[in-house]
Amino acid sequence: MERRKFVSNVGLTLVLACTAGMAACSKGGGGYGSSPDPGPGGGSARVTLNLTSDLTQVGDFRIANGVIVIRTGTGNTAAAFSALSSTCTHQGCTVSTFSKASGLIECNAPCGHGSRYTATGAVNTGPAAAALTPYSITVNGNMLTVS
């Protein structure tokens, strides 16, 4: 086989292998950082809450489906809530609570390292160095949806 044909074949093989690899990676597979299954009915909602019974007082919070939702203000508008990833950026465990007294999201158990975040997701106290990922909130009547 001629050198030129050999190099051409190797190049074509590499292009095909890279294309196949990129296609496989783009299909998603439920790995770290992937979105949870939207559940019955499809759509992209991560969390849906009825505001007549959930998060009725400032400081109330819910942790579900990888999201912490906190009521930070009065009224049923998107601006009165914060929705963030509930995965601690330090060790990957789930944050444990939102303290009404301090206004901070705390990561105490099971990791026990004590990272704290503001209600907007910014790091307040380490060892975590990165903020929690924010999610979009929509409020339609008394229904809050995080996507």
Side-chain angles (χ1 to χ4, degrees), residues 7 9-147:
V7 170
N9 286 342
V10 168
L12 180 60
T13 301
L14 287 173
V15 167
L16 292 174
C18 289
T19 303
M22 289 180 358
C25 289
S26 69
K27 292 189 191 283
Y32 180 77
S34 65
S35 299
D37 185 340
S44 61
R46 290 178 177 269
V47 176
T48 301
L49 298 171
N50 185 333
L51 297 175
T52 59
S53 57
D54 277 316
L55 307 178
T56 59
Q57 302 292 316
V58 173
D60 286 353
F61 73 96
R62 294 287 177 269
I63 299 174
N65 296 335
V67 178
I68 181 168
V69 183
I70 307 164
R71 180 180 275 277
T72 58
T74 58
N76 285 351
T77 64
F81 299 90
S82 179
L84 306 159
S85 169
S86 63
T87 302
C88 177
T89 60
H90 175 240
Q91 291 184 332
C93 56
T94 301
V95 297
S96 54
T97 191
F98 174 75
S99 169
K100 289 181 184 182
S102 68
L104 298 174
I105 300 166
E106 300 176 354
C107 186
N108 294 322
C111 298
H113 57 83
S115 289
R116 292 183 179 174
Y117 304 87
T118 66
T120 61
V123 175
N124 174 273
T125 307
L132 298 174
T133 302
Y135 292 115
S136 297
I137 299 171
T138 55
V139 176
N140 188 1
N142 286 326
M143 297 304 294
L144 177 143
T145 303
V146 177
S147 52

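For N65 (side chain) and V67 (main-chain N/O), no donor-acceptor pair under 3.5 Å exists by modelled atom type.
In this structure, the separation between CG on L104 and OG on S115 is 11.5 Å, given to the nearest 0.5 Å. Within the model, atoms OG1 of T87 and CG of L132 stand 8.5 Å from one another, a figure rounded to the nearest 0.5 Å. Atom CG of residue D54 and atom CG of residue L49 lie 5.0 Å apart, to the nearest 0.5 angstrom.
Taking both residues in full, the closest heavy atoms of I63 and T97 are given as CD1-N, 4.5 Å, listed atom of the first, atom of the second, then distance. The minimum heavy-atom distance between V123 and A129, with the atom names listed, is CG2-C, 3.9 Å. When all heavy atoms of R71 and N76 are compared, the closest pair comes out as NH2-OD1, 2.8 Å. Contact between R46 and Y135 at its shortest, heavy atoms only, is NE-CE2, 3.3 Å. For T72 against F81, the heavy-atom pair with the smallest separation is OG1-N, 3.7 Å. Of all heavy-atom pairs between A122 and A131, the closest is CA-CB, 4.1 Å.
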Original post:
So N124 and Y117, side-chain contact (heavy atoms from CB on, under 4.5 Å) or not? Walk me through it.
Top reply: CA-CA 5 Å; N124 174 273; Y117 304 87; 5.9 Å; no
Original post:
Should T145 and T48 be marked as a side-chain contact (heavy atoms from CB on, under 4.5 Å) after you check the CA-CA gap, both sets of side-chain angles, and the distance that decides it?
Top reply: CA-CA 4 Å; T145 303; T48 301; 4.0 Å; yes
Subject >> Test side-chain contact (heavy atoms from CB on, under 4.5 Å) applied to M143 and T138, step by step >> reply: CA-CA 8 Å; M143 297 304 294; T138 55; over 6 Å; no
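Under the 4.5 Å side-chain criterion, counting only non-hydrogen atoms from C-beta, V139 is not in contact with T77. The side-chain heavy atoms of I105 and I70, taken from C-beta on, include a pair separated by under 4.5 Å.
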